[in-house]
There are 2 protein chains.
Amino acid sequence: MARHDDARTHVATATDELDARKAAILNAVVTEYIGSAQPVGSQHVVDAPGVNVSSATIRSEMAALEREGYLVQPHTSAGRVPTDRGYRFFVDHLGGTGTLDATGRQQVRRFFEQAHGEIEQMLERTSGLLADLTDCAALVVGPSHESATVRSLQVVGLGPRIGLVVVVLSDGAVRKATIELPDGADDEVLARSVACLAAAVVDTALRSLPAELEPAGDPVVDTVAAAALAGLRSLQGDETAEHVFVGGSSRMAAAFDAVETVRSVLTILEQQLVVVSLLRDVLDRGLSVAIGTEHGVEPLASCAVVVTPFSVDGEELGTIGLLGPTRMNYPQALAAAEAVGERLGRRLSEAGR
Amino acid sequence: MARHDDARTHVATATDELDARKAAILNAVVTEYIGSAQPVGSQHVVDAPGVNVSSATIRSEMAALEREGYLVQPHTSAGRVPTDRGYRFFVDHLGGTGTLDATGRQQVRRFFEQAHGEIEQMLERTSGLLADLTDCAALVVGPSHESATVRSLQVVGLGPRIGLVVVVLSDGAVRKATIELPDGADDEVLARSVACLAAAVVDTALRSLPAELEPAGDPVVDTVAAAALAGLRSLQGDETAEHVFVGGSSRMAAAFDAVETVRSVLTILEQQLVVVSLLRDVLDRGLSVAIGTEHGVEPLASCAVVVTPFSVDGEELGTIGLLGPTRMNYPQALAAAEAVGERLGRRLSEAGR
DNA sequence: GGTCAGCACTCGGTAGTATGGAGTGCTGAC
DNA sequence: GTCAGCACTCCATACTACCGAGTGCTGACC
């Protein structure tokens, strides 16, 4: 029942918004509620750190906190539950990010010791790790390929008139596009087309491909090269719509007891576009946590999102997100996201892309 | 309430197991229950096709069906609910697979008219389509690459000592592996290594790669080639563990009202390995539907799976699966899976792999 | 003036009881 | 073999009572 050890033991200090005691009480209510999911009564707060007053005094303070919008009562004669604003205050006044607990740290270490494989696989598995650590749904968006340039290019004949353009980007990503080949496109023609196309697109970003190519003389070669260029073009869209790896969405079922809520949250999680722009939006607003209605996605009104960017090679950005109920364990989630983000970035950097 | 139109209007015929009337009653109960999710009483069955008897007679038949294990009563004085065996009979005696309804057919047609992109994207989107059509979670497993051979090979330098092996398989799949390069591995060395490696592995299946390579004379070239081969080797595992695209898992939340059930089903859906082997297992047993405990996966005891293979280029197999509650709409699910599978296979075949 | 013990009050949750209705199984007549 | 009629079962629903966790207020104390 008493989960005070879970709280950052930072004794609340006076702030512009709330005096020290109110802050301490609010903190206690939030931590308690995160642990128990039950409305918190004045009695349960009485021996929280920084609160050295009787339950009567706490009650009057709680009433004040309610007037100021930090707490609500589900009904008269029930304990208090934090509002979004209450959580916001709690999150904003955490003493530093805190660290992962011992078993969590160990889990992360082990994971990165034995992790291997290509970037997509790493990201996928990382989402699982994060879900395990935090009991939230985990979102991992890989580094953007937007600024990557074409590193190498190849056209492979697959069938009688079918070819595959394979392009390697400077950041190590590989893309492919199927194209139609004209008759008479033998290996030699393919090679010449590639050479012709390569001259024009290598070291170019996918989004700034040339519109046309210098004719190479041979009409068949030109046709192939044009087809391949068109193939590359069709890849531009993919880069904008980034892939997000979602792990542990089943945890959302444990977090809510209304099936309807679960359903609507899962529906959102299935829409990659929504998820990605949610994360990006939160980041753009300079937040690392968005609570309840702070992010605009209505079906997620009872959820909070923790977002952490991770940097690969200094600059390019990937994003880690954790989605849970508003009463999620913020200190834990923040610590996990940060720790994993840091190690993931490091790992991907040293893998050389 | 009356959903009899949903039922294949096939009037039950006598079988080895059940006489015509019992079969008709069982069919009516199943269809009604699929529609309403409420225990079905004798009154609700009275004007179902093939049942021209009074409710009293139906009651005695129902009692018999219960003794024989096709129905159960949640409690005395409640209607009847089909057992897994009841569903099994229903499914086994559907008159042909039936067809999709008009709007469904239109949805499928539209989808395949505007569908484009590479195979993975197609499969992903197809899972969404199937979920929309059936209100089930949809599973799509792409054609196996097991028997595909190496079609083309390339090593691209990415950083000072980092390279990427890119291999195109005969079925159009592209794989990559990061490798470490020795000092002095310039473009020319890479080209020679590729040539050396290509000679040994082109037209070979990934699972039957040679253990070693003929030395080419130059130690640097040999090192690169060996590293690249090791890279290829690391891909073997990926081929066995196939990727499955899961769409519409949120529908499972609508299907059950116990959050706990939802959670455990979702947990299974997150484990690709389990899902793939479930599908494969059902197929191997020659079934197209597995109901309740028929598949061995315990947390899915209240679920049924509809499985349809789809063939690309005659032989190679992909699989479509639909996961829903045991009271899912089997005729609809079977029709949708078949229709989509057929068109998907056709589409992937003509795309040339 | 802030703190707090004491107290009256509120109200959700649980348990117990009545009632209605959907559904059953059985019986006896056709 | 079929089925109208009937007694019976038992889930849902509604209502009531009651307990207890929790509140707000008051008045005394430092």
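Lettering follows sequence order; numbering is per chain, from 1. Not measured: the values here are computed from a predicted model.
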task: Give B:S42 one of three labels, base, sugar-phosphate or nothing, depending on what nucleic acid heavy atoms sit under 4.0 Å from its own.
output: sugar-phosphate
- prompt: Per the side-chain contact (heavy atoms from CB on, under 4.5 Å) rule, which among B:L279, B:L130, B:V307, B:L139 passes with B:I320?
  reply: B:L130
Counterpart residues, salt bridge (charged side-chain N to carboxylate O under 4.0 Å, His left out), relative to A:R105 (two or more places apart):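 Once residues adjacent in sequence are excluded, A:R105 has no partner under the salt bridge (charged side-chain N to carboxylate O under 4.0 Å, His left out) criterion.
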message: Among residues at least two apart in sequence or on other chains, which ones pass salt bridge (charged side-chain N to carboxylate O under 4.0 Å, His left out) with B:E338?
response: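 In terms of salt bridge (charged side-chain N to carboxylate O under 4.0 Å, His left out), with neighbours along the sequence ignored, B:E338 is linked to no residue.
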statement: Expected list for residues 57-80 of chain A near DNA chain C, using heavy atoms below 4.0 Å, is A:T57, A:R59, A:H75, A:T76, A:S77
field: Check ion pair B:D281-B:R285 (N to O, under 4.0 angstrom)
entry: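 Between B:R285 and B:D281 there is a salt bridge, with a charged N closer than 4.0 Å to a carboxylate O.
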task: Give the intermediate values and the outcome of side-chain contact (heavy atoms from CB on, under 4.5 Å) for residues B:V259 and A:F256.
output: CA-CA 8 Å; B:V259 208; A:F256 300 102; over 6 Å; no
query: Given atom CG of A:D19 and atom C1' of C:dT3, what is their separation to the nearest angstrom?
result: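 For the pair A:D19 CG and C:dT3 C1', the rounded distance is 15 Å.
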- prompt: When you list every nucleotide of DNA chain D with an atom under 4.0 Å from a heavy atom of chain B, which one comes first 5' to 3', and which comes last?
  reply: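 Reading along DNA chain D, I get D:dT2 to D:dC11.
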message: Could you check whether any side-chain heavy atom of B:L18 comes within less than 4.5 Å of a side-chain heavy atom of B:L65, counting everything from C-beta outward?
response: yes
B:R88 (side chain) donor-acceptor with B:V289 (main chain) under 3.5 angstrom: yes
message: Using whole Å, what does the distance between atom P of nucleotide C:dC4 and atom CG of A:D47 come to?
response: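 Whole-Å distance recorded here is 13 Å.
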task: Please identify each residue that fulfils ring pair (Phe, Tyr, Trp, His ring centres under 6.0 Å) with A:Y330, with sequence neighbours left out.
output: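 So A:Y330 forms a ring pair (Phe, Tyr, Trp, His ring centres under 6.0 Å) with A:Y87.
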Check: A:V45 and A:E32 side chains under 4.5 Å, non-hydrogen atoms: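 A:E32 does not reach A:V45 side chain to side chain.
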- prompt: Which dot-bracket string describes DNA chain C (Watson-Crick N1-N3 plus N6-O4 or O6-N4, or G-U N1-O2 and O6-N3, all under 3.5 Å; [ ] crossing; | other strand)?
  reply: ||||||||||||||||||||||||||||||
B:T83 side chain to B:Y70 backbone, donor-acceptor under 3.5 Å: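 Flag set: sc B:T83 to bb B:Y70 pair under 3.5 Å.
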